[in-house]
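To start, the structure itself, in structure tokens.
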2 protein chains.
Amino acid sequence: MTEKKKITLKDIARELGISISTASRALKEHPDIADDTIKTVKAFAEKHHYVPNILAVNFRKSRTYNLGLIVPELVHHFFSTVISGAIDTAKKHGYNILVSQSNDILSDETVACRTMLASSVDGLLISISNETLEAAHLTNFIEEGKPVVQFDKITDHIQSPKVIVDDFEGAYQAVKHLIEQGYKKIAHLRGRREVKNSNERARGYQQALIDHNMETSENWIKDCMAINEEEGYNFCKELLSGDNPPDAIFCITDLVAFGVLKYLKEEKIAVPHQIGVIGFSNWKLAEIVSPGLSSVDQHGYEMGEIATLKLIELIKNNELDNQEVIELKTNLIIRESTANKIEKPLTIG
Amino acid sequence: MTEKKKITLKDIARELGISISTASRALKEHPDIADDTIKTVKAFAEKHHYVPNILAVNFRKSRTYNLGLIVPELVHHFFSTVISGAIDTAKKHGYNILVSQSNDILSDETVACRTMLASSVDGLLISISNETLEAAHLTNFIEEGKPVVQFDKITDHIQSPKVIVDDFEGAYQAVKHLIEQGYKKIAHLRGRREVKNSNERARGYQQALIDHNMETSENWIKDCMAINEEEGYNFCKELLSGDNPPDAIFCITDLVAFGVLKYLKEEKIAVPHQIGVIGFSNWKLAEIVSPGLSSVDQHGYEMGEIATLKLIELIKNNELDNQEVIELKTNLIIRESTANKIEKPLTIG
DNA sequence: ATCGATTGCGCAAACCATTGCAGGAAGCTT
DNA sequence: AAGCTTCCTGCAATGGTTTGCGCAATCGAT
């Protein structure tokens, strides 16, 4: 195979009759080196396609310019959007991203962390699994002097910057919107009680109801465990078969909302006129299904960008005790599924 | 701040009064080393949490155990599924995956390749962009002695193993299915002419029509350039407004099919009874929309697995001239959107 | 002519693990 | 007792780059 032989600083030095250190410094335009020398060395390097041996550089500097990124699930619209933002941002700053997934299983997450640490990433971006209630595996990073930035699904058990979405406010706005559309009995298909985001959204839901003096009922709140379409379908059925059924449903995420929509369609219950439905996350599907699903956009790409920028900043400054919380605002995206009373052109934003 | 000081072989050697080489060999249970020594060294290493400096090891071995992975788009159901398979497989074999995206732009792809090469991945997994008509950036890899494995979207301009889906057969089966359901005038929203997969699918479409003596028409074939929902919508409109409109549409991908479904719904044209629709790729959405979209499953996860396994194999054997083509069979997934005549329970698979 | 500053460059150590080779020690055979 | 294994261990080089420090030469100022 035509393996191009790579030349090293040593080769340059030998050929040009200078020392290795001079060659090294010349390539970096070090002020100690004469312009002529710099020019010669650079020309020679160029001509012979000199590329520094990155492995040697990494070794010398104890840096890899690789960042670890762990998400619960890779095949997931929101997370892949975040990853996309992270990768693009990292690239801009000369970093690569090493991706791994926890499948929402703590042991997988721990292993992923270990692998990342072993392969010497310079820092870690993580959205924790549902099972992650303590954070020894994350503390390891900090102890090794490698910063961690959490995003979206976070834990307070380690001190690190956190980039999150204002789940409370997003939920509040979603429910407020339902109220403004004239819905009176608003149900919530919520997520697990151990997961902070779920609790925040549930809190937003409740606060909005209270602030607007709306009817509430424990029966209108259902706990989704798996957060999938099927749960949406089943809980919707359950909600509508009880007495005093709701006339609108706020779902923890779009996927659940799709299940709801599916059930309603099967039962020929009109959306949005008989029942309003709103999701969360603004998946690609939300704009594609009909009726279009109103949802709350979480700005995943931006979240990836910001978290990555923050991490790079920490690495550069060797900061390990930063605890900044960056909260992104959500965007209410109004589509047909909640266009109940108001017939005027839909507002977005 | 509590940076644990990492200990090195040197420390072990000093503390135990042996040489560095003995320490190194003891940890590897080298036969030259006395059992007692091995036990002592291991105990000491364990106690002080010795971890070999991976950077030094990489440097010494010129290996990183990192694999590069480049896809056109990250936020994409099929590709994220492939990535998921690749990551899980890599992890099992002690490799990490470095992910990057080309956005279907050649220059981005080239840059991504360069970055990957510079950061010294041990090999590359790539699905090329629509714009990639030559492959100098890929040849670079081979020249550096780093194997490349292509998957899904491939080019014949470099010699490398390729993991692909049998697009021809998948398309053939999809169209055959439409024919069997009694559709008579089958249209095809195809992809770009420069893209191999598109051509294969179009070929499968045509062959199926020919083999079953079906009516054909140039007017029933439309070229999608962006491969999005909008194109599906517009071309569907165009198809149905011409004379001799089709009664079934085979779409290059599910996203296009969703556009088609949307138009049909707006126009209140019944699917599958007036028009049958089938997609390709079996996106998550396909099972969620209603009517459920029939599609062709490409086994993305498996593709990721296989491509990664192949790459690791090449790396281990230092093979650079392998040109094996691994072709995965597709799965026809039948849902409501094509259930025209036949009312019996739907078969899947 | 001397001193001091400045400029340009090289020596060598350091980073850490790996490994070929040499050699010492102990135990065995003749 | 000399010679021969067998076992165990250490020396030292290797990989490529970076960097602190020191040295030499040059130049200007006194």
Side-chain angles (χ1 to χ4, degrees), chain A residues 3-42 44-45 48-65 94 117-120 122 144-146 318, chain B residues 3-42 44-46 48-65 94 117-120 122 144-146:
Chain A
E3 279 182 52
K4 245 186 253 167
K5 232 216 24 233
K6 292 215 209 176
I7 75 164
T8 68
L9 279 183
K10 198 194 277 182
D11 298 323
I12 299 184
R14 183 175 14 80
E15 293 302 315
L16 260 38
I18 57 176
S19 76
I20 295 178
S21 44
T22 301
S24 169
R25 283 192 261 251
L27 290 170
K28 300 192 168 48
E29 304 189 15
H30 191 285
D32 273 6
I33 306 297
D35 287 351
D36 277 359
T37 313
I38 292 181
K39 217 179 296 170
T40 319
V41 173
K42 284 199 158 188
F44 186 91
H48 293 82
H49 309 105
Y50 168 75
V51 187
N53 180 321
I54 194 78
L55 263 35
V57 176
N58 287 350
F59 174 43
R60 189 69 232 278
K61 302 202 160 170
S62 305
R63 292 275 227 91
T64 58
Y65 287 92
L117 205 47
S119 70
S120 236
D122 292 346
E144 300 251 345
K146 313 203 163 170
N318 196 27
Chain B
E3 281 182 51
K4 241 187 254 168
K5 235 216 21 235
K6 290 218 209 178
I7 74 164
T8 69
L9 278 182
K10 196 197 276 182
D11 299 322
I12 298 184
R14 183 173 17 79
E15 293 302 314
L16 260 38
I18 56 176
S19 76
I20 295 178
S21 44
T22 301
S24 170
R25 283 192 261 253
L27 290 170
K28 298 191 169 49
E29 304 189 15
H30 191 286
D32 272 5
I33 306 298
D35 287 351
D36 276 0
T37 313
I38 292 181
K39 217 179 298 170
T40 319
V41 173
K42 284 201 156 186
F44 186 90
E46 180 81 16
H48 293 82
H49 309 105
Y50 169 74
V51 188
N53 180 321
I54 194 79
L55 264 34
V57 176
N58 287 350
F59 174 45
R60 193 77 226 288
K61 303 204 162 170
S62 306
R63 292 276 227 91
T64 58
Y65 287 93
L117 205 48
S119 71
S120 235
D122 292 346
E144 299 252 345
K146 312 202 165 171

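The sequence lines fix the lettering, A, B, ..., with proteins before strands; numbering per chain opens at 1.
With values rounded to the nearest 0.5 angstrom, Asn53(B) atom CG is found 12.5 Å from Ile7(B) atom CD1. Summarising the geometry, atom OG1 belonging to Thr8(A) is positioned 12.0 Å from atom NE2 belonging to His48(A); distances are rounded to the nearest 0.5 Å. To the nearest 0.5 Å, atoms CD1 (Ile12(A)) and CD1 (Ile18(A)) are separated by 7.5 Å.
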Open item on the list: Set out, in order, the CA-CA distance, both residues' side-chain angles and the distance that settles side-chain contact (heavy atoms from CB on, under 4.5 Å) for Leu9(A) and Leu27(A), then state yes or no.
Closed with: CA-CA 10 Å; Leu9(A) 279 183; Leu27(A) 290 170; 3.8 Å; yes
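The main-chain N or O of Ile20(A) is never found under 3.5 Å from a side-chain atom of Ser24(A) such that the two would form a donor-acceptor pair.
Residues from residues 55-62 of chain B that place a heavy atom under 4.0 Å from any atom of DNA chain C, listed by number: Ala56(B), Val57(B), Arg60(B). The stretch residues 17-37 of chain A touches DNA chain D through Ile20(A), Ser21(A), Ser24(A), Arg25(A), Lys28(A), each having a heavy atom within less than 4.0 Å of the strand.
Atom-to-atom, CG of Asn53(B) to C1' of dG15(D) comes out at 14 Å; the value is rounded to the nearest Å. Taking atom CG of residue Leu16(B) and atom P of nucleotide dC8(D), one finds them 17 Å apart after rounding to whole Å.
Between Leu117(B) and Lys146(B) there is a side-chain heavy-atom pair separated by less than 4.5 Å. Annotation: side chain of Tyr65(B) is not in contact with side chain of Ile54(B) (no heavy-atom distance under 4.5 Å). In this structure the side chain of Val57(B) never reaches within 4.5 angstrom of the side chain of Arg60(B), judged on heavy atoms.
Chain A approaches DNA chain C over the interval dG8(C) to dC16(C), counting the first and last nucleotide 5' to 3' with an atom under 4.0 Å from its heavy atoms.
Shown here for Ile38(A) and Ala26(A), the closest heavy-atom pair between the two residues is CG2-O, 3.7 Å.
Of the residues Asn58(B), Thr64(B), Leu55(B), the one that meets the side-chain contact (heavy atoms from CB on, under 4.5 Å) test with Thr64(A) is Leu55(B).
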